[in-house]
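The first residue in the sequence is number 1, and the count goes up from there. Fair warning: this is a prediction, and the values are worked out from it, not measured in the lab.
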Amino acid sequence: MAAFLAAEAAGASGIELDVHLSRDGVAVVIHDETLERTTNGQGPVSRRTYQEIRALDAGSWFGPAFRGEGVPSLEEVMAWAGGRLRLNIEIKAAEAGLAVLDLQERYPDVNVLLSSFNHRLLAKIHRMDPELALGYLVEVPLWHLALKRAVRHQAASFHPRVDRVSRAMVTACRRQGMDIVPWTVDDLEQLDALRRQGVQGVFTNDPQKIIQHLARGRRR
């Protein structure tokens, strides 16, 4: 939550997060399928109850000032975000997607975009809820097939790995009326090059640096 609050304070228009299910079926916001890298816990997320995960320290790895930072539930994040920030929720499993759909019904004012590298899963989600905004994550060189799938399922945006972006890709997305938002962009020269190509946004680890750079550009 500290990172999300910092992103909002920096002026980010949205936040990206990953969701996995606890043993008791609670959608928790954590990047990895296992606990070791970002908490003081061990083992798969799916083998721990939400209360067990909630008790872990997920901040000390980053710095002493964040000691005691917990792992939030997706519901907690949705309740906090309200209508202020778009939530780009990445899922890797169908069960997590179903949990997002359930929470979306309970928090209809939250601006949710569901993304995944699993395009079959996104197609399934689209059949279940055609109104839910989808983002197609891509890192392979042969992106044309992925874009066709994204168009077929009325995706809102296309999310390529930044080194896969080309003018042809940007042109194809724009021709389909689809936003193209590369990941992950922390270099300012790279950002400027992408803007010249016509991307609509970027994923970044440092929104404050990106937003300040864009503001300086507007003042010139």
Side-chain angles (χ1 to χ4, degrees), residues 4 7 12-34 44-46 50 53 71-140 142-161 164 169 172-184 199-203:
F4 299 156
S13 60
I15 55 177
E16 191 270 353
L17 52 89
D18 295 69
V19 169
H20 297 283
L21 294 188
S22 65
R23 191 178 74 192
D24 47 348
V26 177
V28 294
V29 177
I30 186 169
H31 181 274
D32 296 358
E33 295 180 357
T34 55
V45 174
S46 60
Y50 172 59
I53 294 170
V71 177
S73 68
L74 179 58
E75 182 168 14
E76 180 182 351
V77 176
M78 293 180 77
W80 164 78
R84 303 195 311 271
L85 292 170
R86 165 167 267 194
L87 298 187
N88 184 150
I89 303 170
E90 182 184 343
I91 59 170
K92 298 176 176 68
E95 294 79 7
L98 294 175
V100 172
L101 290 180
D102 178 62
L103 285 169
Q104 178 76 79
E105 291 183 0
R106 292 156 59 187
Y107 295 89
D109 294 335
V110 180
N111 184 359
V112 169
L113 183 143
L114 196 67
S115 67
S116 184
F117 287 103
N118 186 335
H119 299 166
R120 290 184 179 179
L121 176 54
L122 290 179
K124 180 178 179 180
I125 294 292
H126 177 68
R127 289 192 294 270
M128 297 177 67
D129 185 353
E131 300 302 316
L132 182 63
L134 301 178
Y136 272 59
L137 281 160
V138 179
E139 61 179 344
V140 295
L142 302 176
W143 52 268
H144 299 82
L145 179 58
L147 181 57
K148 287 181 180 178
R149 290 171 178 162
V151 171
R152 185 183 312 133
H153 299 113
Q154 302 175 315
S157 54
F158 200 64
H159 302 170
R161 199 174 75 188
R164 301 301 189 196
M169 179 190 287
C173 287
R174 297 184 72 170
R175 187 181 297 126
Q176 296 294 339
M178 187 178 302
D179 287 348
I180 178 168
V181 186
W183 53 276
T184 301
V199 304
Q200 280 75 37
V202 296
F203 292 92

Taken to the nearest 0.5 Å, the spacing of Leu122 CG from Leu137 CG works out to 8.0 Å

CD1 of Ile125 to OG of Ser115, rounded to nearest 0.5 Å, is 11.5 Å

Contacts satisfying salt bridge (Lys or Arg N to Asp or Glu O under 4.0 Å) that involve residues 114-132 (not counting sequence neighbours) are none

Sequence neighbours excluded, the answer for side-chain hydrogen bond (donor to acceptor under 3.5 Å, both in side chains) partners of Asn118 is none

Tabulate below the donor-acceptor pairs under 3.5 Å that side-chain atoms of residues 16-24 make, not counting sequence neighbours, or state none.
{"from": "Asp18", "atom 1": "OD2", "to": "Lys92", "atom 2": "NZ", "distance (Å)": "2.9"}
{"from": "His20", "atom 1": "NE2", "to": "His31", "atom 2": "O", "distance (Å)": "3.0"}
{"from": "His20", "atom 1": "NE2", "to": "Asp32", "atom 2": "O", "distance (Å)": "3.4"}
{"from": "Ser22", "atom 1": "OG", "to": "Asp24", "atom 2": "OD1", "distance (Å)": "2.5"}
{"from": "Ser22", "atom 1": "OG", "to": "Val26", "atom 2": "N", "distance (Å)": "3.0"}
{"from": "Ser22", "atom 1": "OG", "to": "Val26", "atom 2": "O", "distance (Å)": "3.4"}
{"from": "Asp24", "atom 1": "OD1", "to": "Tyr50", "atom 2": "N", "distance (Å)": "3.0"}

Residue pairs meeting salt bridge (Lys or Arg N to Asp or Glu O under 4.0 Å), one or both in residues 142-158, sequence neighbours left out, come to none

If you look only at distance, which donor and acceptor atoms sit under 3.5 Å apart when one is on a side chain in residues 94-113 and the other is two or more places apart or in another chain?
{"from": "Asp102", "atom 1": "OD2", "to": "Arg106", "atom 2": "NH1", "distance (Å)": "3.2"}
{"from": "Gln104", "atom 1": "NE2", "to": "Tyr107", "atom 2": "O", "distance (Å)": "3.4"}
{"from": "Gln104", "atom 1": "NE2", "to": "Val110", "atom 2": "O", "distance (Å)": "3.3"}
{"from": "Arg106", "atom 1": "NH2", "to": "Glu75", "atom 2": "OE1", "distance (Å)": "3.3"}
{"from": "Arg106", "atom 1": "NH2", "to": "Glu75", "atom 2": "OE2", "distance (Å)": "2.9"}
{"from": "Tyr107", "atom 1": "OH", "to": "Glu75", "atom 2": "OE2", "distance (Å)": "2.8"}
{"from": "Asn111", "atom 1": "OD1", "to": "Arg86", "atom 2": "NE", "distance (Å)": "3.1"}
{"from": "Asn111", "atom 1": "OD1", "to": "Arg86", "atom 2": "NH2", "distance (Å)": "3.3"}

Rounded to the nearest 0.5 angstrom, the SG-OH distance for Cys173 and Tyr136 is 13.0 Å

List, one per line, each side-chain donor-acceptor pair under 3.5 Å for residues 176-183, sequence neighbours excluded.
{"from": "Trp183", "atom 1": "NE1", "to": "His159", "atom 2": "O", "distance (Å)": "2.9"}
{"from": "Trp183", "atom 1": "NE1", "to": "Pro160", "atom 2": "O", "distance (Å)": "3.3"}

CZ of Arg164 to CZ of Phe158, rounded to nearest 0.5 Å, is 12.0 Å

Scanning both residues in full, the closest heavy-atom pair of Val29 with Val71 reads O-CG1, 3.5 Å

To the nearest 0.5 Å, atom CG of Leu87 lies from atom CH2 of Trp80 at 7.5 Å

